[in-house]
Amino acid sequence: MSEETLWIIRARQGDQQAFLHLLELHQRPIYNLCYRMLGQAEEAEDAMQETFLRAYRSLSRYDPKRPFASWLLSIAAHHCIDRLRRKRELFSLDDPFAPDLADPSLPDPQEAAEKREQSLLVQHLLSHLAPLDRAIVILRYWHELPEAEIGRQLGLSTSAVKSRLHRARRALARLWMESIPSEREIHEASLVRS
Amino acid sequence: MKHPLFDPDQPLTEELWAHLRNCPSCAALWQVDQLLRSTPPVPPPAGFMERFQARLMEERQAPQAPRPWQIALPMLLLLLSLGASRIIPPLNAFQLFLSIFHAVALALQRLLLLARTILLLFQTAYTYLPPQFWLPLLAGNAVLLLIWFFSLRRAQLFWIQVNR
């Protein structure tokens, strides 16, 4: 029995500290999913809090055969999709709540600034996708989940995930070609160099 | 573009690499794929767990809001009992027992009548119509019933999945 399973058993028996410990272990991927889905730090934090509260309320219904991380990701993805469907607003790069994406693990300020630019660019591209397609792209790229697992989490068939992923990639590539010429030229140059 | 688009999940061969240099559509797909792969995850904000702990405490201390049916059902029962007390005159226990017995007997009688009517309908159909007419009808109904049952089951599973 893994250490995580022991924590889960304790949490299901009502041990709040065990539950908080589990959340602390998984907060990084959940926050990334919420942030990439919603595009704003404040909203992402609120969505993560709501995800964790939902997990707390439905802990008795959690199936221990399923990985805890997948269960949390599934709750977070559904919650973010619902939020986006309610809002139907696109993320704006001029948003006053645009987060400080500087990664503290990067000591070089220039590298940190480049990563921040890249992160904002990715966010801009993602904001043009439909909520469900966005969730699929995020789960594929940042969480490295296979298509079958993404399907299980979002209630879709594997073939539906494949076709949506393909469509989303094409949409992103089209947007990349049409709207961001300067970025495209830099990457094209790097492609030619390599 | 007359060829299938580049699939980023496939390994990059020399041939594909050469193609990427000459095909802007496939190159854009590859570039976006590389961009997504090289973008690091966003770290959670500092102090999140403390803020969540405080919210969890609030949630535990706040009285649970009643669900809509928990309000609607007692109100409906109250309205029904008020209405009933207006319509039904006050009865003693024996009269109440007799009226309940009478209502049950009446309901059973009507059910029996309905069953006899259905039986008569089938007997007539069996006598005047050959089985090749009514058997497909019966089978069709059974299939429709099955489809209805499975669609309800799917809807229930989807609802569970969404609310998980």
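Just so you know, these numbers use all the heavy atoms, side chains as well, and skip hydrogens, waters and symmetry mates. In the text below, chain A, chain B and the rest are named by the order of the sequence lines, each starting its count at 1.
Heavy atoms closer than 4.5 Å to chain B are found in the side chain of A/E147, but not in its backbone. Interface remark: A/Y56 contributes side-chain atoms only to the contact with chain B (heavy atom separation under 4.5 Å). A/E144 does not touch chain B: none of its heavy atoms, backbone or side chain, sits under 4.5 Å away. Residue A/D63 does not touch chain B at all, counting heavy-atom pairs closer than 4.5 Å.
A salt bridge is defined here as a Lys NZ or Arg NE, NH1 or NH2 lying under 4.0 Å from an Asp or Glu carboxylate O, and B/R55 with B/E59 fails to meet this definition.
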Which side-chain N or O atoms in residues 142-152 of chain B pair as donor and acceptor under 3.5 Å with protein atoms at least two apart or in another chain?
from: B/S151; atom 1: OG; to: B/I147; atom 2: O; distance (Å): 3.1
from: B/S151; atom 1: OG; to: B/W148; atom 2: O; distance (Å): 2.8

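In the displayed structure, B/E14 atom CD is contacted under 6.0 Å by at most 12 heavy atoms of other residues, nucleotides or ligands.
For the salt bridge (charged side-chain N to carboxylate O under 4.0 Å, His left out) condition, the pairs that include at least one residue of residues 40-54 of chain B, sequence neighbours left out, are A/E45-B/R51.
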